[in-house]
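Just so it is clear, the model here is predicted, and its values are computed rather than measured.
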Amino acid sequence: MVFGKGKAGGESALAIKELTGGYSRRRPVLHSVSMTLNRGELLGLIGLNGAGKSTAIKHILGLMVPHSGEVRVAGATLEEDRELYRSSIAYVPEQPSLFPNLTVKEHLQWTAMAYGLEQDAAWARADKLAATFRMTDAMKSLPDTLSKGMKQKVMLMNALLVEPALLIIDEPFLGLDPLAIRGLVGALDEVRAQGTAILLSSHILSALERKANRLVVLHKGRLIAEGTPKEVKAQAGCAGAEATLDDAFEALVEAAEGGRSGE
C-alpha cells in the first residue's frame, strides 16, 4: 500500500532515462521513454488504456526490471540504494486494497508504526486528513462497511500520512464525491508545497489541465507529447483559447495512429 517516507537531497524526485521495458524482452511495452519529475511538481501521466501507463508505474515501483535505460528515485536506482529508493515512494493504486480486520484508524496507526513516524505528529496529521476527507466518523469502521469511495479515501489518507518524496496515484478521482475531490486536491497542494513530487495517472483530463505542472502523453508505449498543459495543446495544434486538453489528447492520438498506420 505505502512503500515509504524518505526524502533525499536534490531537486529530482524521479528521473527516467530511455526506459524500454515490459513483461517480455521480445515484446516490450515501453519504448525509450524518458521523463523527469522535480520536488513540488505534479506530473500528469495520460494515455489510452493499454498505452503503457501501468507498466511505467510498475517499473518506477521496482516491480519490473528495465530491458534498457534506468529509473532513478531521489537520485538513486533500485540497485544502488534499495532502502532509499523504496522509502522514497508512496503508491495509491486504482483499486483499494485494505486489511479486512483493521479499522480505518488502525490502518493509519499501522502505517505510522511501520514507517517510524513520530506518534504525536502522526496522529495530528491523521486527524487533519480524516477531517479533509470527511472520514472522522468512520475512523472505527472496518473496510467491509465502507463504500468504494471511502476505501479510496483510506488509501489516500495512508499515503499522505507518510509524506513521501514521490507520491504515485493511479486514477484518484474515481469513486470520490465532489467534496472529497476538492479535499484531495487541497491535500495534494499541501504536500506539494512541502516538497513532495506527485505522479498522477488519470483519465480526468480537466483536473490535470488545471492542476498539473507538466504532462506526459503515452501512446502504444511511446512518448508522443510532453510539457505544460499549454505546451501539450500547442504540440497537438490546439492552441486556441477554446481548446481543451481533451481536444489536444484526441488530436495527438489521431496523429499517432495515422503516423503508424502501416505498423
Side-chain angles (χ1 to χ4, degrees), residues 1-15 35-45 57 60-61 72-75 84-94 96 104 107-136 149 151-176 179-202 204 207-216 228-229:
M1 175 169 51
V2 176
F3 288 128
K5 62 181 179 65
K7 289 190 178 181
E11 289 299 317
S12 179
L14 172 66
M35 66 180 80
T36 59
L37 175 55
N38 295 324
R39 297 186 183 279
E41 286 189 326
L42 192 158
L43 179 66
L45 179 62
I57 289 173
I60 297 168
L61 294 175
R72 290 185 175 272
V73 173
L84 171 63
Y85 190 103
R86 293 205 180 278
S87 71
S88 297
I89 303 173
Y91 171 54
V92 181
E94 179 180 351
V104 174
H107 275 87
L108 292 163
Q109 183 178 18
W110 180 87
T111 297
M113 292 175 60
Y115 297 104
L117 304 183
E118 196 278 321
Q119 186 174 2
D120 290 341
W123 281 119
R125 182 160 179 77
D127 287 340
K128 183 177 180 180
L129 288 167
T132 295
F133 289 101
R134 297 175 179 265
M135 289 288 287
T136 302
K151 292 177 183 177
Q152 185 74 342
K153 292 179 185 180
V154 178
M155 298 289 291
L156 291 163
M157 288 164 61
N158 276 271
L160 293 170
L161 181 70
V162 172
E163 297 182 285
L166 174 62
L167 174 59
I168 302 173
I169 314 179
D170 194 0
E171 293 293 352
F173 305 115
L174 297 181
L176 295 185
L179 291 179
I181 291 175
R182 178 176 293 185
L184 170 60
V185 170
L188 295 183
D189 285 342
E190 179 182 323
V191 296
R192 286 168 64 191
Q194 296 168 356
T196 291
I198 301 170
L199 178 65
L200 197 157
S201 175
S202 179
I204 311 300
L208 292 178
E209 186 171 4
R210 293 193 304 271
K211 302 302 296 186
N213 298 100
R214 292 182 295 112
L215 302 167
V216 169
T228 66

So which atom in [X] and which in [Y] form the shortest heavy-atom distance, rounded to 0.1 Å?
X	Y	result
Ser202	Leu208	O-CD1, 4.0 Å
Leu61	Arg86	O-NH1, 3.0 Å
Arg39	Ala197	CA-CB, 4.1 Å
Pro229	Glu209	CG-O, 3.8 Å
Tyr85	Ile60	OH-O, 2.5 Å
Pro172	Leu184	CB-CD2, 3.7 Å

Spacing of [X] atom [atom1] and [Y] atom [atom2] [to the nearest 0.5 Å]:
X	Y	atom1	atom2	value
Leu179	Arg134	CG	CZ	4.5 Å
Gln194	Asp189	CD	CG	11.5 Å
Leu156	Leu161	CG	CG	12.5 Å
Asn158	Thr111	CG	OG1	3.5 Å
Ile169	Glu94	CD1	CD	13.0 Å
Ile198	Leu42	CD1	CG	5.0 Å

If we ignore hydrogens and angles and just use 3.5 Å, is the side chain of [X] paired with the main-chain N or O of [Y] as donor and acceptor?
X	Y	value
Arg214	Thr36	yes
Ser201	Glu171	no
Arg72	Ala13	no
Arg125	Val162	no
Lys153	Phe133	yes

Practice task
Return yes when atom CD of Glu118 has more than 12 non-hydrogen atoms of other residues, nucleotides or ligands closer than 6.0 Å, and no otherwise.
Solution key: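 Check passes, neighbour count above 12.
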
Problem - More than 12 heavy atoms from other groups under 6.0 Å of NZ on Lys128 - result: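 Open: at most 12 neighbouring heavy atoms sit under 6.0 Å from NZ of Lys128.
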
Practice task
Would you mind reporting whether Arg192 and Asn213 have side-chain heavy atoms less than 4.5 Å apart?
Solution key: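 Counting from C-beta outward, Asn213 and Arg192 do come under 4.5 Å.
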
Problem - Side-chain touch Leu117/Trp123, heavy atoms, less than 4.5 angstrom - result: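 Contact flag for Leu117/Trp123 side chains = no.
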
Problem - Given Leu188, Ile168, Leu167, Leu215, the one that forms side chain to side chain contact (heavy atoms under 4.5 Å, CB included) with Leu200 - result: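 Checked Leu188, Ile168, Leu167, Leu215 against Leu200; only one passes side chain to side chain contact (heavy atoms under 4.5 Å, CB included): Leu188.
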
